[in-house]
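First listed ligand is number 1; within each ligand, the first listed atom is number 1. Computation of the quantities below employed the complete heavy-atom set of this structure, encompassing side-chain atoms and omitting hydrogens, waters and symmetry-equivalent molecules.
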Amino acid sequence: MTTTATRPIGARPRAAIEAKTLRTDRWWLAPLLTVIGLTAWVAYATFRVFMQKYYWVGAYHYLTPFYSPCVSKGCVPEASEFGQPLPDSPWIPYAALSLPFLLLFRLTCYYYRKAYYRSFWMSPPACAVPDGHGAYSGETRFPLVFQNAHRYAFYAAVLISLINTWDAVLAMHSPTGFGFGLGNVILWVNVIMLWAYTASCHSCRHIMGGRLKHFSKHPVRYKLWGFVSKLNTRHMGLAWTTLATLALTDFYIMAVSAGWINDLRFIG
Ligand code: FES
């Protein structure tokens, strides 16, 4: 949104009206729901990440995505596919190598930026509602200028999605060999949704089709760009869906690991 401080030369100022906004609909509902949803998710994820138990089901090799890859000396050895280079400490999450990158990926995501700028920063909270702040410098200064690093967070997220896929493969396990249960369905749905969210990223779309002068000379990239563009229209929905699948996957594995429920087994 353009304010007085950044109004282009020649642009007309805001109409001289007393009211803060002329909108009479419930424009505040979407920002409010966003604050509630994101706050609840961050609270749950923080609680789980520092819990340091109920993250692994040994019989079926289920590992929650919140602890993957499990690289602390405190991890159950069978859950540590990629070694245990980090010391065991209650202040260091077991997946401390991947979590900062995942956080960075979501924080710098174009959709989440819109969501938290509007809902937490009120900058602005909705269309045709004034900014909650006097001045607006956009993402041109520290610290928001770092939002431009999103593409690098995307590369890290691809790596982590590969690790989550590997976890889902390893989880097709039972004490007698191959196995498949409800936990596998939940893990695979989560992984597929994570890939859909990652592939629908705006940076991914630019990597596929950006900086080209002629699509006709790059038919493969054109096809990929078209596919990613279709996914990209659903980016917001995928952003929320993956928050839900991540929390659900973690909760299910915690419930089985803690012995609150038994995994529903189809094979093994
Ligand atoms: Fe949302 Fe890249 S724009 S993940």
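Within ligand 1, the atoms closer than 4.0 Å to a non-hydrogen atom of H150 are 2 (Fe), 3 (S), 4 (S), numbered from 1 in the order shown. Shown in contact with Y197 at under 4.0 Å from a heavy atom are these atoms of ligand 1, numbered in order with element: 1 (Fe), 4 (S). Each of the following atoms of ligand 1 lies closer than 4.0 Å to a heavy atom of C201: 2 (Fe), 3 (S), 4 (S). Atoms of ligand 1 lying under 4.0 Å from at least one heavy atom of H235, given by number and element, are 1 (Fe), 3 (S), 4 (S).
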Practice task
Report the C-alpha distance between C109 and C201 in whole Å, list the side-chain angles of each, state the deciding distance to 0.1 Å, and finish with yes or no for disulfide bond (SG atoms under 2.5 Å apart).
Solution key: CA-CA 8 Å; C109 162; C201 167; over 6 Å; no
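Here the shortest heavy-atom pairing between R106 and Y112 reads NH1-OH, 2.9 Å.
At least one donor-acceptor pair closer than 3.5 Å links the side chain of D263 to the backbone N or O of G183. The backbone N or O of S68 lies less than 3.5 Å from a partner atom in the side chain of S98, making a donor-acceptor pair.
Not a single N, O or S atom of C109, from either the backbone or the side chain, sits less than 2.8 Å from atom 2 (Fe) of ligand 1. Distance check for H202 against atom 2 (Fe) of ligand 1: none of its N/O/S atoms falls below 2.8 Å.
For the ligand labelled ligand 1, residue F105 lies inside the 4.0 Å heavy-atom shell.
Ring planes of Y110 and H202: parallel class, angle under 30° (limits at 30 and 60°).
Side-chain atoms of H150 and R113 include no donor-acceptor pair closer than 3.5 Å.
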